[in-house]
Amino acid sequence: MPVLDERLVPIFEEVLSRNPGEAEFHQAVREVLESLGPVVTKHPRYADSAVIRRLCEPERQIIFRVPWVTDNGKTEVNRGFRVEFNSALGPYKGGLRFHPSVYLGIVKFLGFEQIFKNALTGLPIGGGKGGSDFDPKGRSDAEVMRFCQSFMTELYRHIGEYTDVPAGDIGVGSRELGYMFGQYKRITNRYESGTLTGKGLSWGGSQVRTEATGYGTVFFVDEMLKTGRSGLDGKKVVVSGSGNVAIYAIEKVHQLGGTVIACSDSGGYVYDPEGIDLNLLKDIKDVQRDRISDYALARGPKVSFVPNGSIWDVPCDIALPCATQNELDADGAASLIRNGCQIVAEGANMPATPAAIRLFSSAELRFAPAKAVNAGGVATSALEMQQNASRDSWTFEYTQDRLAEIMRSIHDRCLETADEYGSPGSYVAGANIAGFTRVADSMLALGVI
Ligand code: GLU
């Protein structure tokens, strides 16, 4: 493990002791602290002012009971979370995740990441995250609606256009956001569009928001390729996952001339050498809510389904982990390197383990972290907030151009910052330092609050 700067060691030890058992949160904090040594050397004010200690402590953590009744009349009890991590740059902003693995440590890791990601967009949004251990899989629409209504019956008192603006994440898409926005509107008697993002187009949503995380990921990769005077044309790409991020990453890769040859879900991966048939994938995943194995069945013998296999064994030029945290470990990284992969860019949040990232940095391969790569989703949420505030709606083309420009500027800022702090070419250092300095400078200006 890389050594931490001695001024940062006590801060990390404090995070470990004050947040026991929250492995993902520890991982996310350590990853940022590992980049900050040169920053506290160059600008001791960050170490002296305790700004880093304050950054590691959420401004507010809300945990609540979410009771709801199944179609059979049984009462279920889930746990709801909202961690309002940092509001130095704007209202807390970040998604809600509904997945059985959700607990406080996951929400805190996501909220912590979100602070720096949101800062990198250059837009006025703070960092937060929330969710529940509710599993929407296999639940009827009516059950999902009752759950969402119960969840919002508590959450509504903590959020608002100037306070905290949730959106989607794993398990939360336009169906769930619709039920939550409806309940918020009913309880508050306010059509306050700017209180949630990722809304449907007919009720205050923005063009491109659905596509934004996947499209933004690929725009970022395109910028990486441009620095080597290359492009996506003819490239073979592997995309893990088959949810919102994966689907729109695949779409943009195909639009820019690359071919996505494999994607996955928690049951395994499909290998489709001619390129993933996106209409079929969308129908199976978005409409039918079925499994990726059904994709292989529908495509016939030229497509293989590998149950429980590692998608990182598929040789490719570019790998885009777009499923979930820690899905790409050292074995997967070694396999990608062995097969000559040139770029790994994180579409999901923290999908590569620290051991995988260490392997990437000692190899030829170029690695770009989630904070920078997948910031297009939240950036477009901020564009949705702009449209809501001005009661306007922009065209698809205009919004997509804004997204592409934001991704270009994040990419360039990462490389410039990495250069400035002595780690040329490191997107990890660049993203962490550029995100950190923007937030930390605002925190210093706002005083000890
Ligand atoms: N959940 C997304 C993310 O990880 C989007 C958050 C948002 O749009 O607020 O960045």
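The analysis underlying the following values was restricted to heavy atoms, covering all of them including side chains, and did not include hydrogens, waters or symmetry mates. Please read all numbers here as calculations on a predicted model, not as lab measurements. First listed ligand is number 1; within each ligand, the first listed atom is number 1. Position 1 is the first residue of the sequence; numbering continues from there.
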(request) Heavy-atom distances under 4.0 Å are what count here, so tell me which part of N349 touches ligand 1: side chain, backbone, both or neither. (result) side chain
(message) Heavy atoms only, cut-off 4.0 Å: how does K129 contact ligand 1, side chain, backbone, both, or neither?
(response)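 It is the side chain that gets close, since no backbone atom is under 4.0 Å.
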Residues [X] and [Y] bridged, charged N to O under 4.0 Å:
X	Y	value
E34	R30	yes
D169	R97	yes
E397	R402	no

(request) Please work out which of the three classes, parallel, tilted or perpendicular, describes the rings of Y215 and F219, given edges at 30° and 60°. (result)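 Rings of F219 and Y215: perpendicular, as their planes differ by over 60°.
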(message) For the CD1 atom of I318 and the CG atom of L336, what is their distance to the nearest 0.5 Å?
(response) 12.0 Å
Nearest-contact summary for [atom] - protein heavy atom, Å:
atom	result
atom 5 (C) of ligand 1	R209 NH2, 3.4 Å
atom 9 (O) of ligand 1	K93 NZ, 2.7 Å
atom 8 (O) of ligand 1	S381 OG, 2.6 Å
atom 6 (C) of ligand 1	G95 N, 3.5 Å

(message) Given E113, which partner from the list Q325, K129, K108, K371 fulfils the side chain to side chain donor-acceptor pair (under 3.5 Å) test?
(response) K371
Is there a heavy atom of [X] sitting under 4.0 angstrom from any atom of ligand 1?
X	value
K117	yes
R97	no
G168	yes

(request) Would you mind running through ligand 1 and noting each atom that sits below 4.0 Å from a heavy atom of A167? (result) 7 (C), 8 (O), 9 (O)
(message) Distance under 4.0 Å to a non-hydrogen atom of Q114: what atoms of ligand 1 satisfy this?
(response) 3 (C), 4 (O), 6 (C), 10 (O)
(message) Are more than 12 heavy atoms, taken from residues, nucleotides or ligands other than R53, located less than 6.0 Å from that residue's CZ atom?
(response)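 Atom CZ in R53 is not packed in, count stays at 12 or less.
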(message) Within the supplied structure, the quantity of interest is the number of heavy atoms (other residues, nucleotides, ligands) at a distance under 6.0 Å from K236 NZ; does it exceed 12?
(response) no
